[in-house]
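Chain A is the first sequence line, chain B the second, and so forth, proteins listed ahead of strands; every chain is numbered from 1. Source: prediction; values computed, not measured.
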Amino acid sequence: MYNINKDLANIFKKMAAIYEFLDDRFRAMAYQRAAHIIEDLPDDVRNYILTGKLYSIKGIGPSIASKIEEYVNTGKIQKYEELKKKVPEDFIELVDLPGFGPKTLKRIHDELGISTKEELIKALKDGRIEQLPGFGPKKVENMLKGLQMYELSKRRILLWEALEISRYLVDKLKKNLKEIKDIEVVGSVRRRKETIGDLDILVIAEDKDRTKIMDYFTSLPEISQILVKGPKKSSVVMKFEGKERQVDLRIFRKDEWGAALQYFTGSKQHNVHLREIAKEKGLKINEYGVYKADTEEKIAGETEESVYNAVGMDWIPPELREDRGEIEAALQHKLPELVELKDIKGDMHVHSTWSDGVNEIKDIAEFVKKRYGYEYIVITDHSKSQRVARGLDEERILKEIEEVKILNKMMGWDFIKIGTEVDILLDGSLDFPDEILSKLDWVVASVHSHFNRDNTDRIIKAMENPYVNVIGHPTGRLIGLREAYPVDMDAVIKKAKETGTALEINAQPRRLDINDIWIRKAVEEGVKLVISTDSHNLGNFAFMEIGVAQARRGWATKKDILNTKSWKEIQKFVEDKRKRLGGVLQKR
DNA sequence: GCCGTTTTCGGCCCGACTGTTTTCAGTCG
Ligand SMILES: Nc1nc2c(ncn2[C@H]2C[C@H](O)[C@@H](COP(=O)(O)OP(=O)(O)OP(=O)(O)O)O2)c(=O)[nH]1
Ligand SMILES: [Mg+2]
Ligand SMILES: [Mg+2]
Ligand SMILES: [Zn+2]
């Protein structure tokens, strides 16, 4: 069964855009919200219809629910088909461009009878649009610039890339402007979202220094365009390694720090919801503080905690701020105690020169132990089907097992554990016989082929093997390059629970697989997770941070994550499954 | 279109910057 949530969410987003164009803002908001909710659902909407839960989701009312059912039953939404006729097709895309709002487009359509992108460009150039009352030369110029930015407005970048750019920018600003008292990367980067649209930077400074800071910021050599520039807020387009990216900067006073941080971290939906609740309580929240609505008296804002406390909530970790129930949990003081980077005791998916890694096992072990202070690492090289990756056959992995034994003895530790990343073959069997697998400390099983077929059966069969401990990058998606292969993750999660198999949170920046939504679902179902870097070189071990961040975004606590546990406990996890499914136990 | 132990109707977050305006609407964060 293929997941139709994405298709449905896209339709609702388009309907929202159309309603904006038709000047029905609030209806547009309702559809936008519904689109977000459906995007975030872990299960296929059809399951929500079957269980009747669809109607109890906040934000989905009778009208939208019936449209969802209509789409499920007929593959179409009549209302959407009608709406499409009211708005030129091109305009639905154009409304996403900077400077192209619904009001602007509507007037151009109504007053000039323009309905294609081409006609619009022509009218911009021949002066017809400039003639319209309320329009002028600057506006036309900005719209033409907006059209150039078509690509920029679409593509998002990986969290890891955004973190690297952020660090570079923050260092540069801090180093060259001693007027900056404090600086923080906020927005989706602070929330550690898997992809990032633009970078948002918050600066604390005295009022008198604002102009100097903004002048410096807007004259950086990386800048290709200044979008807006004011005393408190500027937006620019910067070029990093040939690629353009928007950067927003806002300056606040020291005593506004908490409220500013809260506002600028978002998400938008989280902010709106928070502000609604404040309003119900007779308060007002903006980026400067929390105020009593009647007297305008400021009652909080110096710290983020003070802002949340003022409306009766516990402080909410940034990774949770997506309006996915964290506000309600914070009100009831029931937020989870999220797993932290410092809880991680080892990395359990690592490649060495035995397959496609660039470092020798000994060098990896010494580096990781010293740099990260882990208690263990598991070397998991590829199996023989991965020919380009120099995957190991039975003979070579037996040698690798020996090498690890010798290394541990030589170093006087038992830091290095030996495992494999064994291929799940087309029929769901594994690339090593059980006899080999039973000799290993840890087995990662991954799908590396046949991405177009539904792979649920292969993964389920692999999990039924008593020696498979975790499914590697379970959905196979590569962010921005390749969609997940068809797989019924509900069934996979259920089977994981049933067999005592863990699921991987692969921390490679392009994978982050499973994602935050599935992590949350797995946590709810009591399935254990392993956060792994899948390192192929020493630098890759740093990816652990964004893996942990995704776990946090999925509401995972320390107890949900296997590699926060001692090796003894991991061994117990391995043995439990072998016992349960009739495998052979290893001598300890 | 959605929602509600202060509302089943009348609200729906709040503010910075820009261009074109003689006082503010539109767009964006
Ligand atoms: N209250 C409020 N805050 C907003 C609104 N739009 C944006 N913000 C805040 C919350 C956002 O996280 C923050 C930065 O805005 P961005 O547009 O850059 O969004 P964000 O960084 O969350 O996602 P991105 O990856 O950039 O698409 O500004 C809004 O309409 N109302
Ligand atoms: Mg942003
Ligand atoms: Mg931004
Ligand atoms: Zn791997």
Original post:
What's the CZ-P distance between A/R25 and B/dC28, to the nearest Å?
Top reply: 14 Å
Original post:
So, does the side chain of A/Y263 form a donor-acceptor pair with the base of B/dG15 at under 3.5 Å?
Top reply: no
**OP:** Using the C1' atoms only, state how far B/dT20 lies from B/dG29, rounded to an integer number of Å.
**Re:** 22 Å
Original post:
Is the glycosidic angle of B/dT6 within 90° of 0, making it syn, or outside that range, making it anti?
Top reply: anti
**OP:** Between B/dG29, B/dC12, B/dC2, spot the one nearest the side chain of A/I64, thanks.
**Re:** B/dC2
**OP:** Select one nucleotide: of B/dG29, B/dC28, B/dC13, the one nearest the side-chain heavy atoms of A/P98.
**Re:** B/dC28
Subject >> A/K139 to A/F135 six-membered ring, cation-pi geometry met (6.0 Å, 45°) >> reply: yes
Subject >> Counterpart base for B/dG11, defined by Watson-Crick or G-U wobble contacts under 3.5 Å >> reply: B/dC2
Original post:
Across the strands shown, which category fits A/G99 at heavy-atom distances under 4.0 angstrom: base, sugar-phosphate, nothing?
Top reply: sugar-phosphate
Subject >> B/dC17 versus B/dC13 - spacing of their P atoms, nearest Å >> reply: 22 Å
**OP:** Measure from the side-chain heavy atoms of A/K58 and tell me the nearest of B/dC3, B/dC2, B/dG29.
**Re:** B/dC3
Original post:
Do A/D126 and A/R128 meet the salt-bridge criterion of a basic N to acidic O distance under 4.0 Å?
Top reply: yes
**OP:** Could you measure between the two P atoms, the one in B/dG26 and the one in B/dT22, and give it in whole Å?
**Re:** 15 Å
**OP:** Please work out if A/R250 contacts a base, only the sugar-phosphate, or nothing of the nucleic acid, heavy-atom cut-off 4.0 Å.
**Re:** sugar-phosphate
Original post:
Can you tell me if NZ on A/K172 sees more than 12 non-hydrogen neighbours from other groups inside 6.0 Å?
Top reply: yes
Original post:
Is any side-chain nitrogen or oxygen of A/Y31 closer than 4.0 Å to OP1 or OP2 of B/dC12?
Top reply: no
Original post:
Which of the following nucleotides, B/dG19, B/dT27, B/dC13, is nearest to the side chain of A/T104?
Top reply: B/dT27
**OP:** Kindly point out which of B/dG15, B/dG19, B/dC2 is positioned nearest to the side chain of A/K138?
**Re:** B/dG19
**OP:** Choose from B/dG1, B/dT18, B/dT20 the nucleotide whose nearest atom is closest to any side-chain atom of A/K229.
**Re:** B/dT18
**OP:** Return the value, rounded to whole Å, for the distance between atom NZ of A/K13 and atom C1' of B/dG1.
**Re:** 18 Å
**OP:** With C1' as the reference atom in both, quote the distance from B/dG1 to B/dT5 in angstrom, rounded to an integer.
**Re:** 24 Å
Original post:
When the C1' atoms of B/dC9 and B/dA16 are considered, how many whole Å apart are they?
Top reply: 33 Å
Original post:
Across the strands shown, which category fits A/L132 at heavy-atom distances under 4.0 angstrom: base, sugar-phosphate, nothing?
Top reply: nothing
Original post:
Are A/K212 and A/E179 ion-paired here, with the side-chain N under 4.0 Å from a carboxylate O?
Top reply: yes
Subject >> For atom CG of A/D323 and atom P of B/dC2, their distance in whole Å >> reply: 17 Å
Original post:
From the list B/dA16, B/dC14, B/dG1, which nucleotide is the closest neighbour of the side chain of A/K284?
Top reply: B/dC14
Original post:
Which nucleotide in the set B/dC12, B/dT20, B/dG1 lies at the smallest distance from any side-chain heavy atom of A/K139?
Top reply: B/dT20
Original post:
Does atom CD of A/Q332 have more than 12 heavy-atom neighbours from other groups under 6.0 Å away?
Top reply: yes
Subject >> Distance, rounded to the nearest Å, where A/K103 contributes NZ and B/dG19 contributes C1' >> reply: 17 Å
**OP:** Find the distance A/K268:NZ to B/dC28:C1' and express it as a whole number of Å.
**Re:** 9 Å
**OP:** Determine the contact category for A/P133: base if any of its heavy atoms lies under 4.0 Å from a base atom, sugar-phosphate if only primed atoms, P, OP1 or OP2 are that close, otherwise nothing.
**Re:** nothing
Original post:
Would you say A/F135 stacks on B/dT20, if stacking means ring centres under 5.5 Å apart and planes within less than 30 degrees?
Top reply: no
**OP:** Figure out the CD/C1' separation between A/E280 and B/dG11, and round it to whole Å.
**Re:** 11 Å
**OP:** Between B/dT18, B/dC2, B/dC3, spot the one nearest the side chain of A/N142, thanks.
**Re:** B/dT18
Original post:
With respect to the phosphate group of B/dG1, does any side-chain polar atom (N or O) of A/Q32 fall under 4.0 Å of OP1 or OP2?
Top reply: no
Original post:
Hey, does the side chain of A/K279 come within less than 4.0 Å of B/dC12's phosphate (OP1/OP2), counting only N and O?
Top reply: yes
**OP:** Answer with base, sugar-phosphate or nothing: what part of the nucleic acid does A/D248 contact at a heavy-atom distance below 4.0 Å?
**Re:** sugar-phosphate
**OP:** With DNA chain B as reference, determine whether A/R27 or A/L227 sits nearer its 5' end, using the nearest nucleotide of each.
**Re:** A/R27
Original post:
If you measure from the P atom in B/dG4 to the same atom in B/dT18, how many Å do you get, rounded?
Top reply: 40 Å
Original post:
How about A/W160 and A/F543: are their ring centres within less than 6.0 Å of each other?
Top reply: yes
Subject >> Rounded distance in Å - CD1 (A/I11) to C1' (B/dG1) >> reply: 17 Å
Original post:
Quick one: on DNA chain B, does A/K232 or A/G61 contact a more 5' nucleotide (nearest heavy atom)?
Top reply: A/G61
Subject >> Nearest to side-chain heavy atoms of A/V228, which nucleotide of B/dG1, B/dT18, B/dT20 >> reply: B/dT18
Original post:
B/dT6 and B/dC2: how far apart are their P atoms, nearest whole angstrom?
Top reply: 24 Å
Original post:
Side-chain N or O of A/N271 less than 4.0 angstrom from OP1 or OP2 on B/dC13?
Top reply: no
Original post:
Can a salt bridge be assigned to the pair A/R324 and A/D40 using a cut-off of 4.0 Å between side-chain N and carboxylate O?
Top reply: yes
Subject >> Verdict with reasoning, A/F26 to A/Y19, per ring-ring contact (aromatic ring centres under 6.0 Å, His included) >> reply: CA-CA 9 Å; A/F26 296 111; A/Y19 278 123; over 10 Å; no
Original post:
Atom CD1 of A/I108 to atom P of B/dG26: distance rounded to whole Å?
Top reply: 13 Å
